[in-house]
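Each remark here refers to the structure printed beneath this line.
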Amino acid sequence: MKKKIIFGLIGLAVIFLFPIIDNNTYHLYLLNRALIHAILATGLVFLTGFAGQISLGQAGFYAIGAYSSAYFSTRLGLPIFLGIIIGIGISVLAGFLLSIPSFKLKAFFLSLVTIAFGQIINMLVVNLQPITGGPYGFFGIPFYHVGDYMLSFENVFWLLGVILLFTLYIMYKIKHSHYGRAMLAMNSDDVATETCGISTKKLKIAAFGFSAGLAGLAGALYAHLAGFLSPEPFTFFESSNFVAMAVVGGLRDMLGGVVGGIGLTLLPEFLRFGGWENYYLMVTSIIVIVIIIFMPKGLAPLLGNMFKKIFRVKSSNTKTL
Amino acid sequence: MLQDILQNIISGASIGATYGLVGLGVVFLWLTISRINFANISSAMLGAYLFITFYGMNLGFFLSFVFSVALIALYGLGLRQFIYEPIRKRGGGRLEFVVATLMLCTFWLNLIIVAYGALPRPFPPVFGKSTDFVSIGSIKISVLYLNIYFVIAILMVLIYILLNKTLIGKSFRAAAQNREAAALMGINVKFTTSLSFMMATCVVGIAGILLAPIYFVSVELGGGAIGVKGFASAVLGGLTNPYGTILGGVCLGVLENFSTLYISSTYKDVISFSVLILVLIIKPSGIFNWKSKRV
């Protein structure tokens with residue numbers, strides 16, 4: 001048990017020291033995006049893998065978080081921290097709203113409603129010009145700073161890493177509480193759970209709220225990282241990318257969102273070598289399809305097993321994280 | 001005033017009928033495999049691009065139409081062989097199919113951007129120009145819309161004959177009602193599944209060719225908005241009634257045209273999205289889903 005913790009800590013230290021080894025700004029920016037996507041995909045793993053609901057409108061919450069944080073910190077001059085909190089709050093409220101259709105609907109029907117939700121939010125982003133800047137974009141969003149000290153990309157990387165760890169910790173806590181067990185039960189059978197005296201409505205509201213909150217947090221973090229918002233990252237195709245991240249990572253795995261979010265953000269960049277510039281997005285989607293067909297359980301359990309095999313040689317009681 | 005309203009109904013209904021065709025693609029698959037193909041709308045984009053490619057080779061309207069629809073049908077078979085079957089064999093559930101088809105949608109979009117560029121292309125005026133009008137009394141109807149009606153009417157008659165007057169249609173309906181029982185009666189369920197994939201992609205491909213004069217041949221045809229309108233019309237038909245789906249699409253198109261006329265054009269797409277949400281919440285079994293013996 002102690003060895004597991006030590007290995008975990010060493011692994012974390014290596015990851016956290018990464019920016020010092022490689023301080024190419026573009027790489028750091030990408031890594032930060034990857035961590036943000038990991039936070040969002042973790043929310044989807046929670047919603048889909050644990051609670052059994054589906055959302056193809058996650059980009060809508062992402063947009064709500066991004067634009068509200070940007071609006072409150074830029075136009076109204078609130079501190080970034082407060083802006084992010086407000087962004088999360090509004091997203092959670094929207095998540096509660098979107099949970100209402102899930103009382104009646106399942107699977108495909110629910111996914112259609114969430115698609116429509118995402119499209120409506122996208123339409124609002126494009127058309128509510130006084131607030132969002134519309135297609136011209138939202139400029140001048142303040143970068144992360146503490147007082148007068150501007151954070152560097154390295155600092156932001158560490159900040160995001162801590163937020164991600166905290167998210168995972170909360171998710172771990174929920175999973176192992178009676179709410180988490182109730183959600184897993186609801187995932188297998190709605191009606192049976194209801195007959196056990198558990199209100200599935202409340203669970204669905206909570207699950208949608210939690211994942212929407214994480215998407216809003218991710219959006220707000222992205223807004224302050226990029227400093228500029230346009231409607232493009234908030235389309236239906238981004239929503240489908242987010243779901244792909246969760247599925248490729250592994251829906252039933254705590255770390256599925258992290259593996260999928262980081263993996264699918266960095267994958268196109270690895271394919272972006274000379275002469276391939278036109279094709280890398282196509283190839284990315286093919287790779288995702290192949291992974292889904294051949295590894296329906298996702299990459300995270302696979303990586304977990306590899307981890308086990310490597311470390312079993314050194315210590316017999318090492319388990320996956 | 002009255003003629004404005006009539007003209008709007010006529011043009012809205014013709015665009016709406018093409019949304020209905022897109023929805024028909026959803027319905028055919030839902031009937032046989034109870035899955036929704038989220039790359040449904042990609043067939044429309046592929047149809048339009050294939051058509052202008054063949055037309056550009058001077059093959060003429062008829063041959064280009066036949067070739068592109070045939071290729072789209074082949075794509076439907078491929079969809080079954082390379083996406084649906086492998087996922088099913090490896091125990092992937094609904095969600096895997098959802099994500100695989102979503103990624104397929106992205107794939108086709110990127111392929112078209114690589115092959116044809118992202119700029120919209122004009123569609124050859126094979127259905128007449130939208131500026132040519134036919135006058136019936138004081139109402140002017142664009143030739144384009146008349147031709148769209150014409151093609152859709154032929155298509156509906158063909159689908160009706162195929163489903164109701166042939167043995168193939170009978171086995172299709174039987175398999176849609178009860179897969180296992182149909183298989184026990186000696187119906188080739190594998191064949192009807194392939195058929196439904198082909199019919200679904202074909203119908204949407206034709207819808208793409210019909211929509212192209214209105215939306216131009218652009219990646220917008222494979223994007224979200226039109227696809228969602230297709231879903232909305234399919235949901236109005238309860239995902240099972242083909243004729244109700246067309247009717248749903250027509251209503252959607254008319255509603256959209258009137259909201260452009262009386263409210264604002266910026267929010268016209270919101271109408272179909274809201275219809276989709278409201279119908280699913282209030283009456284998920286569909287509004288135009290009358291009980292019929294046909295399918």
Side-chain angles (χ1 to χ4, degrees), chain A residues 48-49 52 54 56 98 100-101 103-124 126-129 134 235-237 239-241 243-248 251 277-298, chain B residues 26 30 34-36 38-39 82-115 223-225 227-229 231-232 234-235 239 264 266-270 272-282 284:
Chain A
T48 312
I54 186 170
L56 293 181
L98 196 63
I100 295 171
F103 299 161
K104 258 192 189 175
L105 305 170
K106 271 189 187 174
F108 286 109
F109 294 90
L110 184 59
S111 61
L112 289 179
V113 172
T114 54
I115 286 180
F117 165 78
Q119 292 276 14
I120 289 176
I121 298 291
N122 186 259
M123 198 82 44
L124 290 179
V126 174
N127 289 319
L128 282 181
Q129 274 199 24
T235 56
F236 169 62
F237 295 101
S239 294
S240 51
N241 266 342
V243 180
M245 282 169 194
V247 175
V248 165
L251 282 174
E277 287 86 354
N278 288 329
Y279 305 105
Y280 73 97
L281 284 173
M282 269 164 60
V283 178
T284 311
S285 34
I286 290 185
I287 291 178
V288 173
I289 293 176
V290 169
I291 291 178
I292 288 166
I293 290 176
F294 290 98
M295 283 173 268
K297 279 186 181 158
Chain B
V26 179
W30 182 262
S34 302
R35 302 260 190 286
I36 289 180
F38 285 93
F82 300 114
I83 304 286
Y84 172 65
E85 290 294 341
I87 290 179
R88 206 170 57 102
K89 271 178 200 148
R90 279 164 208 284
R94 301 191 197 114
L95 195 72
E96 279 75 20
F97 189 71
V98 170
V99 179
T101 49
L102 281 173
M103 284 297 112
L104 198 65
C105 194
T106 327
F107 167 75
W108 287 121
L109 212 64
N110 287 315
L111 183 96
I112 290 292
I113 291 173
V114 168
V228 178
K229 286 169 196 171
F231 290 137
V235 162
L239 286 186
S264 132
T266 31
Y267 290 105
K268 75 165 190 181
D269 287 347
V270 174
S272 37
F273 304 153
S274 322
V275 166
L276 178 58
I277 294 182
L278 287 177
V279 171
L280 279 176
I281 292 177
I282 297 164

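The sequence lines fix the lettering, A, B, ..., with proteins before strands; numbering per chain opens at 1.
Among B:Leu102, B:Val98, B:Val99, the one residue that satisfies the side-chain contact (heavy atoms from CB on, under 4.5 Å) test with A:Ile292 is B:Val99.
Proximity to chain B is limited to the side chain of A:Ser111, based on heavy atoms less than 4.5 angstrom apart. With a threshold of 4.5 angstrom between heavy atoms, B:Val235 approaches chain A through side-chain atoms but not through N, CA, C or O. Interface remark: B:Ala232 contributes no atoms to any contact with chain A (heavy atom separation under 4.5 Å). Contacts between B:Leu278 and chain A at a heavy-atom distance below 4.5 Å are absent for every atom of the residue. Contacts of A:Leu251 with chain B are made by side-chain atoms alone, with heavy-atom separations under 4.5 Å and no backbone atom involved. At a 4.5 Å heavy-atom cutoff, A:Thr235 makes no contact with chain B through either its backbone or its side chain. Only the side chain of A:Ile54 comes within contact range of chain B, judged by heavy atoms closer than 4.5 Å. Neither the backbone nor the side chain of A:Leu110 comes within less than 4.5 Å of any heavy atom in chain B. Residue B:Leu280 touches chain A through both its backbone and its side chain, counting heavy-atom pairs closer than 4.5 Å. For A:Leu56, the part lying near chain B is the side chain, with the backbone staying farther off; criterion is any non-hydrogen pair under 4.5 Å. Residue A:Asn241 touches chain B through both its backbone and its side chain, counting heavy-atom pairs closer than 4.5 Å. Looking at A:Phe103, neither its backbone nor its side chain comes within 4.5 Å of chain B, counting heavy atoms on both sides. When heavy atoms are compared at a cutoff of 4.5 Å, A:Ile115 approaches chain B solely by way of its side chain, counted from C-beta outward.
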Would you check, one step at a time, whether the test side-chain contact (heavy atoms from CB on, under 4.5 Å) holds for B:Asn110 with A:Thr284? CA-CA 10 Å; B:Asn110 287 315; A:Thr284 311; over 6 Å; no
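In this structure the side chain of A:Ile293 never reaches within 4.5 angstrom of the side chain of B:Phe82, judged on heavy atoms. Taking 4.5 Å as the limit, some side-chain heavy atom of A:Phe237 sits within range of a side-chain heavy atom of B:Cys105.
Smallest separation of non-hydrogen atoms from A:Phe108 and B:Ile36: CE2-N, 3.4 Å. Smallest separation of non-hydrogen atoms from B:Met103 and A:Ser240: CE-O, 3.8 Å. Across all non-hydrogen atoms, the minimal contact from B:Arg90 to A:Phe294 is NH2-CE2, 3.3 Å. Residues B:Glu96 and A:Pro296 approach most closely at OE2-O, 3.4 Å, considering heavy atoms.
Of the listed residues (A:Val113, A:Ile286, A:Leu112), the one with the most heavy-atom contacts under 4.5 Å to chain B is A:Leu112. Looking only at heavy-atom pairs under 4.5 Å with chain A, the residue among B:Phe231, B:Trp108, B:Phe107 that has the most is B:Phe107. Note on B:Val228, B:Thr106, B:Thr101, B:Leu95: by heavy-atom pairs under 4.5 Å with chain A, the leading option is B:Leu95. Top candidate by heavy-atom pairs under 4.5 Å with chain B, chosen from A:Lys297, A:Gln119, A:Met123, A:Met295, is A:Gln119.
Residue B:Leu104 holds its CG atom at 5.0 Å from CD1 of A:Ile289, rounded to the nearest 0.5 Å.
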